[in-house]
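The model shown is predicted, which means the values in this text are computed figures rather than measured ones. We count residues from 1, following the sequence as given. Whatever order the structure lists ligands and atoms in, that order sets their numbers, starting from 1.
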Amino acid sequence: MYRTHTCGELRLADQEKNVTLCGWIQRSRDLGGMTFIDLRDRYGVTQLVFNMDTDALLCNEARRLGREFVITAEGRVTERSNKNPKMPTGDIEILVSRLNILNTSLTPPFTIEDESDGGDELRMKYRYLDLRRNPLKNNLLLRHQMAYETRSYLNSQRFIEVETPVLIKSTPEGARDFVVPSRVNPGQFYALPQSPQTFKQLLMVAGYDRYMQIVKCFRDEDLRADRQPEFTQIDCEMSFVHQEDILAMFEGLVRHLFQSIKGIAFNEPFPRLTYAEVLEKYGNDKPDLRFGMEFVEMTGKAKGRGFSVLDSAAYIGAIVAPGCSEYSRKQLDELTEFVKKPQVGAKGLIYIRLGTDGTVKSSMDKFYTAEDMLEMAATAGAVPGDLILILAGDRIPTQKALSELRLEMGNRLGLRSKGVFRPLWVVDFPLLEWDGATDRFYAMHHPFTSPKAADIGYLDTDPARIRANAYDCVINGVEVGGGSIRIHEEQLQKKMFKTLGFTDEEAERQFGFLMSAFRYGAPPHGGIAFGFDRLVSLFAGEDSIRDVIAFPKNNAARDVMADCPSEIADEQLKELSIRVQKS
Ligand code: ASP
């Protein structure tokens, strides 16, 4: 055996034990007569001591060890005179009597400490060194624990994990496919799954009833902080269920994770808001409910005083920033600059300050009397000391901009604490989305989502009005999961494909296998998939999912460590019957 204990394990109660530890040298300090080494492994850090007086040879050897050398050290556990309460092993140290170098190390390109001096790219290039640091290590341990608890909960609910293939025919989740050429079928390609959607539905046809899988999905999209070309889902499907059953089951999963991992219990059922409601109140289909500041529509109230910005607006919306009436000119200018940013897109910002002394001041004093503004403030639900922020313009873009402003104010007022969690369900999504550019409808969720029974009639008359049996789970402004009750009747599925602009032949070519399956007794079914990386990063308090993935890609979809993607040999291309066009 290389070791008797780990580096995180020994305590005062182990005094006088003879132990052997293995690990990496985190740091060493040479104090003349004594040399101290912090030895690290996955479990923690233990201090080793070498004493010049008792063993000069060994002490000299210890002095020559560099950072990140891998060693085994044998010795006696003793009480430290200089205890370190910050370390779990800080009461003891090991008086080393034997040392063995298992491997040397180059000096690492950045410090392997909780706060590293390495920049992002450098740490990505040497990810295996970065993974030695506590912040990443803790995230991976958390990830493991969450996967474990997910399986445990779903197993207790009779779900079984079934693996689905990675080389498949395209699945439509609204992104581009990654494709893989087939050598044995020249000129033909597999797609990597954007999700196991069609397979999990086939498993329902096969009678498997309750399916789950923690599974890699692949989508060729432009990357952002919460996107990676490959990511992990907790993918689930159930038969003989209504939407209500799915929401209850998976609210149970989310609760189980919060309870078992964070010790957080939610007393109330998760709020359920319709898509229409969240857009009206928060301008966003994934609202952050850690704070209020709901929109107040002023369109009917604020017109007719000759202020063209408001008079010409299709929508006027306000939020009330509590206690901000004393915002300085500079702060208001900053907010104005903020809303004018291209990604926010408003033309300008109107404000009303409601002083604690009852006075009102506004950027539109010229057009409105104090009474007008007090009335508007009252409509907005403001009280003395509040600042009312107003945006005006076309409805949808203005609501989006107001949503950004709301989140910005939430940040400024410290209302978005990472330790607070506010989950909700958003329900009743529209089934379809019209795309002006291509002049056709797209499925808002995916083409297998069922319309609400009450709205099916609109398929022929007004498809944009149809609401879907589709739902998202949202926590703190992050969409952590989404799913739907599926269509399980062949005729309705055919009609849906038609509405989406597929000809019968195209639908048959792409989804013939699913349609055939529907002819053999498809049960009513539905499901959901949670973005596992997002869920873990939310639990970890990280802003980027990269920090909870062992080997992520960078923003240009590259693995900078392995330098991938990369060109392949001509020979390989030939085998695949592929010619690359050099630009
Ligand atoms: N396949 C869907 C997705 O990846 C989830 C679902 O409908 O279950 O978003």
Do Asp533 and Arg143 pass the salt bridge (Lys or Arg N to Asp or Glu O under 4.0 Å) test, and can you show the C-alpha distance, the side-chain angles, and the key distance before you say yes or no? CA-CA 8 Å; Asp533 312 283; Arg143 187 181 176 109; 2.9 Å; yes
To the nearest 0.1 Å, how far is atom 9 (O) of ligand 1 from its closest protein heavy atom, and which atom is that? Glu173 OE1, 3.6 Å
Within a distance under 4.0 Å of any heavy atom of Ser195, pick out the atoms of ligand 1 and give their elements. 1 (N), 4 (O)
Which is it for Ile528 and ligand 1 at heavy atoms under 4.0 Å: side chain, backbone, both or neither? backbone
Ligand-residue contact atoms, ligand 1 with Gln233, heavy atoms, under 4.0 Å: 3 (C), 4 (O)
Side chain, backbone, both or neither: which applies to Arg219 and ligand 1 if a contact is any heavy-atom pair less than 4.0 Å apart? side chain
List every atom of ligand 1 that sits less than 4.0 Å from any heavy atom of Ala529, numbering the atoms from 1 in the order shown and giving each element. 5 (C), 8 (O)
Do NZ/NE/NH1/NH2 and the carboxylate oxygens of Lys553 and Glu230 come within less than 4.0 Å? yes
Tell me whether the NZ or CZ atom of Arg132 lies within the 45° cone about the ring axis of Tyr126 and under 6.0 Å from its centre. no
Per-atom contacts of ligand 1 with Gly483, taking only distances under 4.0 Å to non-hydrogen atoms: 6 (C), 7 (O)
Below the 3.5 angstrom mark, is there an N/O of Ser484, backbone or side chain, next to an N/O of ligand 1? no
Under a 4.0 angstrom heavy-atom cut-off, which atoms of ligand 1 come close to Lys200? 6 (C), 8 (O)
NZ/NE/NH1/NH2 to OD/OE distance under 4.0 Å, Glu337 and Lys341: no
Under a 3.5 Å cutoff, is there a donor and acceptor pairing between the side chains of Arg133 and Asn138? no
Distance-only donor-acceptor check, side chains Asn284 and Ser403, under 3.5 Å: yes
Output the distance between atom OG (Ser260) and atom CE (Met146), rounded to the nearest 0.5 Å. 8.5 Å
Once you restrict to heavy atoms under 4.0 Å, what part of Arg486 touches ligand 1? Side chain, backbone, both or neither. side chain
Sorted by chain and number, sequence neighbours left out, salt bridge (charged side-chain N to carboxylate O under 4.0 Å, His left out) with Arg465 holds for none
Residue-level breakdown please: for Gln194 versus ligand 1, do any non-hydrogen atoms fall below 4.0 Å on the side chain, on the backbone, on both, or on neither? neither
